[in-house]
Structure formats: C-alpha cells, structure tokens
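Encoded as structure tokens, the structure appears first; notes follow it.
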2 protein chains.
Amino acid sequence: MRFPKLFERLATLAPLPAEEWVKAEAVAKEQSLAKRELFMRPGDAADRFAVVLQGVFRGVRVSPRGGESIKAFRAEGELIGAYAEMLQRLPSMTAIEALEPSHVLVFQTQDFQQLEQGHVCWERLARRVAEQHFVLKERREQEFLELSAEERLVKFWEEHPHLKGRIPQRDVAAYLGITEVALSRIMSRRRKRAE
Amino acid sequence: MRFPKLFERLATLAPLPAEEWVKAEAVAKEQSLAKRELFMRPGDAADRFAVVLQGVFRGVRVSPRGGESIKAFRAEGELIGAYAEMLQRLPSMTAIEALEPSHVLVFQTQDFQQLEQGHVCWERLARRVAEQHFVLKERREQEFLELSAEERLVKFWEEHPHLKGRIPQRDVAAYLGITEVALSRIMSRRRKRAE
DNA sequence: CCTCCGCCTTAACCCAGGTCAAGCCCAGGT
DNA sequence: ACCTGGGCTTGACCTGGGTTAAGGCGGAGG
C-alpha cells in the first residue's frame, strides 16, 4: 500500500477493505504541479479527479461577464475536480489551479466506475462524499443568506485556519463574493475597532 | 403498488425493482397538512422525510438574529426533510411549512435504513439524491457569487415556473436573500423598463 | 542598486439594497 | 356593510460594497 494515511482517512467515511484500496492505488497516477499550474481548465472533459497529497488549490469559475469567483479551496487530503460538471456529464466550467507547488493522486472517473462494479464499498463511499459536499454547500448558502461580508470573513478563517498565509487576499475576497477592495476596507475597519 | 407515478420517477434516478418499491410503500405513511401547518419544526429530531404528493412547502431557517431565510421550495414529486441535519445527526434547524393544503408520503429514516440493508438499489438511489442536491446547491452558490438580486429573480422564475402564484412574494425575497421591500422595488423597476 | 511587478491599501464617488414608516388593496369574519 | 389584518407597495433616508484610480511596499531580475 502506497498511501496508508489516505486509506485511513477514506476508511473513516465508509468501510473500505484494504484490498480495494490497493486496487484503487493501482489505477491512480501521481502528478506534480508547479505554482499557478492548472489541474483542470474550463472546457476540459470532467473525466478525472484527484486527492491533494501536498499543496493548495483554488476552484475558479470564470463567469460569462469576465469576473472570477472562487468556489472552494482544497488542501491536503481533500478532493479536487469539477464535481458538479462530472455528475451532469458536462465539460468543466471550472479552472482548478495550484496556489503552491503541489502533488496530487489522479483518478480517471472511468477507472473509478470499474472499481464500483467490483465492490459495493465504492458506491457507499461515493455517497458519503456527495453527502459531505452537500453539507458544505448548504452551509455556504446559509452564510450568503444571513451573514454580512464581514461575518462571512470571520467564519472563513474560523473554518479554514490551515489556509492562513497560503492564499492571496484577493482570492479570499472572490470566495466571499466581494472585491479585494471591500475586503481590505473590512479588515482595516476591524483593526481600528480592535485597538 | 399504491404510487406508480412516484415509482416511475424514482426509477429514472437509479434502477429500482418494483418489489423494493412495494416494500417501501409498506413502511411509508400518508399525511395531510393544512395550509401553514409544519411538517417539521426547529429542534425536532431529523429522523424522517417525505415525498410531496400534493402541495408546496417552504424550508425556513430562522437565524439566531431573528430573520428568516428560505432554503428551498418543494412541490409535487420532491423531497422534504432536514437533509443536512439528518446527515450530521443533528436536530433540525429548519422549519418545513405547507404553503397550501398538502399531502405527503412520510418515511422514517430508520425504516429507510432497513430497506438499504435489504437491497443495494437504495444505496444507489440515496447517492443520486445526494448528488442532485449537491448540484442544486452549487448552482445556487454560483448565483450568489456572480449575480445581482435582479438577475437571481429572473433565474428563479425561469427555474421554478410551476411555483407562479403559489408562493407569497416575501418568501421569494427571503429565498433570494433580500427583503420584501427590495423585491418590490426591483419588480417595479422592471415593469417601468418594460413599457 | 534600481526598476518593475504583483499584491495590497486608501480615497472619492456611486448605487443597490436595508430600514423605518405610511398607505393601499383585498379577502374573511361579524 | 363594516372592520380587520395580511401582504404588497412607496417614499425618505442610510450604509455596505462596487468602481476607478492613485499610491505603497516588498521581492525577483536587470
């Protein structure tokens, strides 16, 4: 087994026999990405995903009107990929970019479907993953519905302390749905209030 | 089989043997709700869900600061329940209220888990449901990130034409994340622009 | 060493949407 | 027919965040 820590992490989501994980490792490929390099670009087929072994990524959606907004950041142990597009069998509308020199473990969805044929554990795992992603998105929805930009900022750092210092401010702003300028103002306002 | 149309609908999501559906019908209970009656209230255990047979519901979250925001509307053929809370085994933080005299088919999650033990089809169906809910939430997230309230309004009616006339304006506003006043202004602005 | 560039801040101005308050319309109840 | 109350609109005023544009600052390359 090449990635025992990853195996343990997945096994907490759903019962996962070690043999099955070994099969999965066999079809996965490691990939290294330089800072700023894209794991996926808009227009690509959404036919693969990866687990982050090392590094941080941002999922960027470039809107028709030019602006970029950020759907999520992903660090060690988390999944990257155009998940919604994969589920809908659409080409990716998302760019996934390394914010640091990174290292990931890539799966083709096709290979993953093979694994599903072989053992029910994968079906269950996929379910858990979908459910967890749902919970995260619903939490975010809630934040947009009832919190101000400032409150969202505070929550962001509470929930993602491990990203401190690893992502540029402008990306935090794009994640919160505001501009870099507004974020800067909010921070200076808080600084003043704090003294 | 008591609900053949529902069976057909579910069968489009994942292969579902008719016998399994009959078993499910056996553990489900029909329930009628008056207008304004709650299917679930905040604090309730999130241990059941239902399919809407007739009527419309709104999922309301009452925030600590008193305001209510609306997570979703659900009409015929759709699921109601405190899904995120159920997945996290938390008590419901959501009120689910009938906006019309309604009729639903209720399942206890416990009974559903029994069904899952009996046949893999339910696992697969649960996965599809989770995935579809995820896609919907992500779409909504996108709308908050890149659209104005007015654009969100237009999209809302494009995506939910069947709700026309069945839900009060203030609820549409609470769904869009704005006040009833702002919604009214937006609508009058569009009316003027249209002549 | 200086310059350039990427990232952040600050300031001036504008506008969407929030808040508060008054008023309208209409359906239901007496 | 009259009240009443719920749901919607409108107006006046305020505020958070957008836009534009001008610096500031620190690190990489000449």
Side-chain angles (χ1 to χ4, degrees), chain A residues 34-37 56 58 60 62-70 73 97-101 143-157 163-195, chain B residues 34-37 56 58 60 62-70 73 97-101 143-157 163-195:
Chain A
K35 181 170 175 170
R36 308 241 68 197
E37 192 175 346
V56 191
R58 54 174 201 168
V60 183
V62 181
S63 71
R65 269 68 189 144
E68 4 184 277
S69 52
I70 294 201
F73 297 100
E97 181 184 341
L99 293 174
E100 302 174 351
E143 292 171 7
F144 279 115
L145 284 171
E146 53 192 41
L147 301 181
S148 67
E150 176 163 0
E151 294 168 311
R152 295 204 300 278
L153 173 65
V154 171
K155 268 216 167 170
F156 177 79
W157 287 122
L163 296 178
K164 274 245 149 92
R166 303 174 77 182
I167 57 183
Q169 305 271 57
R170 102 156 60 80
D171 286 344
V172 176
Y175 179 83
L176 297 176
I178 60 179
T179 59
E180 160 188 42
V181 179
L183 177 55
S184 179
R185 264 193 307 236
I186 288 169
M187 289 184 0
S188 83
R189 212 188 304 154
R190 312 192 87 235
R191 244 174 279 134
K192 287 196 187 116
R193 228 180 302 147
E195 8 145 314
Chain B
K35 181 169 176 172
R36 307 240 69 199
E37 192 176 345
V56 193
R58 54 174 200 167
V60 183
V62 180
S63 73
R65 269 67 189 144
E68 12 182 89
S69 51
I70 294 200
F73 298 100
E97 181 184 342
L99 293 174
E100 300 174 352
E143 291 171 7
F144 279 115
L145 283 169
E146 52 191 42
L147 301 182
S148 67
E150 175 162 1
E151 292 168 313
R152 295 204 299 279
L153 173 66
V154 172
K155 267 215 166 169
F156 177 79
W157 287 123
L163 296 178
K164 274 243 151 92
R166 302 175 77 182
I167 57 183
Q169 304 270 55
R170 102 157 63 79
D171 287 344
V172 177
Y175 179 84
L176 297 177
I178 61 179
T179 59
E180 129 187 74
V181 179
L183 178 55
S184 178
R185 269 192 304 237
I186 289 169
M187 289 181 6
S188 83
R189 212 189 303 154
R190 312 192 88 232
R191 244 174 281 132
K192 287 198 186 112
R193 226 180 302 144
E195 4 145 315

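Just so it is clear, the structure is predicted and the values come from calculations on it, not from any experiment. Chain identifiers are assigned alphabetically (A, B, ...) following the order of the sequence lines, protein sequences preceding nucleic acid strands; residue numbering begins at 1 within each chain.
Put simply, CZ on B:R36 and CG on B:L99 are 8.0 Å apart, with the number rounded to the nearest 0.5 Å. How far CZ of A:R170 is from CD of A:E68: 8.0 Å, rounded to the nearest 0.5 Å.
Between A:F144 and B:F144, the ring planes are parallel. Angles under 30° get that label, and only those over 60° would be called perpendicular.
Between chain A and DNA chain C, the heavy-atom contact criterion of under 4.0 Å yields a 5' to 3' nucleotide range of C:dC7 to C:dA12.
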Can you give me every donor-acceptor pair (side chain of residues 146-157 of chain B, partner residue at least two apart or in another chain, under 3.5 Å) with its distance?
{"unit_1": "B:E146", "atom_1": "OE1", "unit_2": "A:S69", "atom_2": "OG", "d": "3.4"}
{"unit_1": "B:E146", "atom_1": "OE1", "unit_2": "B:Q142", "atom_2": "NE2", "d": "3.1"}
{"unit_1": "B:S148", "atom_1": "OG", "unit_2": "B:E151", "atom_2": "N", "d": "3.2"}
{"unit_1": "B:S148", "atom_1": "OG", "unit_2": "B:E151", "atom_2": "OE1", "d": "3.2"}
{"unit_1": "B:E150", "atom_1": "OE1", "unit_2": "B:R189", "atom_2": "NH1", "d": "3.4"}
{"unit_1": "B:E150", "atom_1": "OE1", "unit_2": "B:R193", "atom_2": "NH2", "d": "3.3"}
{"unit_1": "B:E150", "atom_1": "OE2", "unit_2": "B:R190", "atom_2": "NE", "d": "3.0"}
{"unit_1": "B:E150", "atom_1": "OE2", "unit_2": "B:R193", "atom_2": "NH1", "d": "3.2"}
{"unit_1": "B:E150", "atom_1": "OE2", "unit_2": "B:R193", "atom_2": "NH2", "d": "3.2"}
{"unit_1": "B:E151", "atom_1": "OE1", "unit_2": "B:S148", "atom_2": "N", "d": "2.8"}
{"unit_1": "B:R152", "atom_1": "NE", "unit_2": "B:L176", "atom_2": "O", "d": "3.3"}
{"unit_1": "B:R152", "atom_1": "NH1", "unit_2": "B:L147", "atom_2": "O", "d": "3.1"}
{"unit_1": "B:R152", "atom_1": "NH2", "unit_2": "B:L176", "atom_2": "O", "d": "2.6"}

Output a table of donor-acceptor pairs, distance under 3.5 Å, between side-chain atoms of residues 181-188 of chain B and any protein atom two or more places apart or on a different chain; print 'none' if there are none.
{"unit_1": "B:S188", "atom_1": "OG", "unit_2": "B:R185", "atom_2": "O", "d": "3.2"}

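Between A:I167 and A:Y175 there is no side-chain heavy-atom pair separated by less than 4.5 Å.
Base pairing of C:dT30: its partner is D:dA1, meeting the Watson-Crick or G-U wobble criterion (both donor-acceptor distances under 3.5 Å).
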Checklist outcome for this item: Quick tally for nucleotides 13-18 of chain D: nucleotides whose base has a protein heavy atom under 4.0 Å get B, sugar-phosphate-only ones S, the rest -, giving ----BB
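Between B:R36 and D:dG6, a side-chain N or O to OP1/OP2 separation shorter than 4.0 Å is absent.
Annotation: side-chain contact (heavy atoms from CB on, under 4.5 Å) contacts of B:A98 (sequence neighbours excluded): B:L33, B:F57, B:S102.
When all heavy atoms are compared, the tightest approach of A:V172 to A:F73 is N-CZ, 4.2 Å.
Of the residues in residues 166-176 of chain A, not one comes within less than 4.0 Å of DNA chain D through any heavy atom.
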